[in-house]
> 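Sharing a structure, written as structure tokens. Questions coming.
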Amino acid sequence: MDYSLCIFCQAHETRTNVSEATEHGVITVRNAACSRKKLRDSKNIDIIDRLEKAFESATAVSLVWHKPCYAHFTDKSKIERLQKSQTECSAEGAGCSSVVSSGNRRSLRKRVQPVNWSLCIFCQAENKKARLISVMTKQMSDQIIQASHLDYEVGLRLAGVIDLIAAEAKYHLHCLSAFNRSTVKTQHQSTNTDLAMIWLCQELNYSADKGHVILLDDVWERYKELAEESSTMIQPSYESRRGTFKQKLQSQLGDIFSFFQPLNRCISERKTVLIPTKYQPAALLQMKADI
Ligand SMILES: [Zn+2]
Ligand SMILES: [Zn+2]
């Protein structure tokens, strides 16, 4: 992010036409960002992210922007429309809520792409050479849909789908067996833990791959969301003692994350962060720069 460019569009070409943010302007933008975030404005996730970073940054930064970009972002009628479309959307039912998933804890949550039914429902890969097989029997369709609840990603993808034959779903044999293996494993695990925890760990595995550093507080918030989505009762011991939640998480994650508590702050502000073990040296350097 470059603070000398318009905070909204970050366009290099028009870097000269920017105006300095006024105090009033900053407050207006802050409110707009807050409303948009609450309304899960997925189109402006990047802008909202940037603004949050700017507002959170310890050293005061002065923002600049293009007047039209500012007007566009803070336009009340646009925000109202967002609100309206969301109410309509939630009225339509559960199938929709997963698609307009919030972008706030972005590093934790992948955005869900709509299913491309002409590709393998498991990998959605465009250029695999392997042969695609169509789902032909009701038994196969039911089996996949039922098991899909055990896989966070496929579960979201197939949310609301009741018949894979009608949807003309296709799969790679290899992907189907990988899916079966992993869902059977999850099924076993879920006798010892809850589904929300399993989904959470699947997301965290993905984040670890991407090298994201995550606050334990955010993980906890995300867990609560997933518990709601999966109708999981949150264990009272997780609520009362966050340490119990942390222990459980650590045992589930194994060594893909290191739990790390920065020491260079007063105790009340010390927040545990999760650092992907394989990115640890780079992450620590970055944290020194950020904190
Ligand atoms: Zn701009
Ligand atoms: Zn596949």
Side-chain angles (χ1 to χ4, degrees), residues 1-22 24-33 36-37 41 43-55 57 61-76 78-79 110 112-137 140-141 143-159 161 164-165 167-186 202 205-206 209:
M1 155 166 49
D2 185 344
Y3 286 119
S4 70
L5 301 175
C6 167
I7 187 83
F8 298 109
C9 65
Q10 295 274 294
H12 273 276
E13 310 76 58
T14 49
R15 63 185 313 153
T16 48
N17 307 329
V18 294
S19 20
E20 194 103 7
T22 61
H24 172 76
V26 170
I27 294 170
T28 314
V29 168
R30 206 188 260 262
N31 290 336
R36 283 180 183 277
K37 183 171 164 178
D41 179 6
K43 273 193 211 131
N44 290 300
I45 279 176
D46 291 334
I47 296 182
I48 297 169
D49 266 8
R50 269 205 296 281
L51 287 167
E52 283 191 330
K53 270 205 198 95
F55 293 143
S57 117
V61 287
S62 52
L63 303 179
V64 293
W65 53 57
H66 297 115
K67 291 231 167 78
C69 291
Y70 166 84
H72 188 81
F73 187 77
T74 57
D75 189 336
K76 281 220 174 65
K78 289 210 176 66
I79 296 176
K110 272 189 275 187
V112 180
Q113 303 286 339
V115 193
N116 184 340
W117 292 108
S118 65
L119 302 174
C120 165
I121 49 172
F122 301 113
C123 68
Q124 292 277 289
E126 301 237 3
N127 42 13
K128 267 199 186 162
K129 291 225 173 67
R131 194 165 67 91
L132 279 169
I133 306 165
S134 295
V135 176
M136 297 298 273
T137 66
M140 169 78 98
S141 164
Q143 201 185 328
I144 294 175
I145 289 174
Q146 224 163 43
S148 74
H149 302 293
L150 296 164
D151 182 295
Y152 184 68
E153 206 173 334
V154 178
L156 283 183
R157 203 172 287 153
L158 300 185
V161 178
L164 291 176
I165 309 171
E168 296 184 27
K170 295 166 193 60
Y171 60 91
H172 296 120
L173 199 54
H174 168 82
C175 294
L176 175 67
S177 30
F179 172 77
N180 283 339
R181 265 198 311 278
S182 100
T183 49
V184 165
K185 190 171 146 215
T186 306
Q202 288 174 356
N205 266 299
Y206 174 82
D209 267 352

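Order of appearance sets the numbers: ligands from 1, and atoms from 1 within every ligand. None of these values were measured; they are calculated from a predicted model.
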> Any chance you could measure Ile79, atom CD1, to Phe73, atom CZ, to the nearest 0.5 Å?
7.0 Å
> For the Zn ion (ligand 1), give me the closest N/O/S atom belonging to His66, just the atom name.
ND1
> Once the angle between the rings of Tyr70 and Trp65 is folded into 0 to 90°, is it parallel (under 30°), tilted (30 to 60°) or perpendicular (over 60°)?
parallel
> For the Zn ion (ligand 2), find the closest N/O/S atom belonging to His172 and write down its atom name.
ND1
> So, is Cys123 placed with an N/O/S atom under 2.8 Å from the Zn ion (ligand 2), counting both backbone and side chain?
yes
> Atom CD of Gln143 and atom OG1 of Thr183: how far apart are they, to the nearest 0.5 Å?
8.5 Å
> Starting at CZ of Arg181, measure out to OG1 of Thr186 and round the result to the nearest 0.5 Å.
12.5 Å
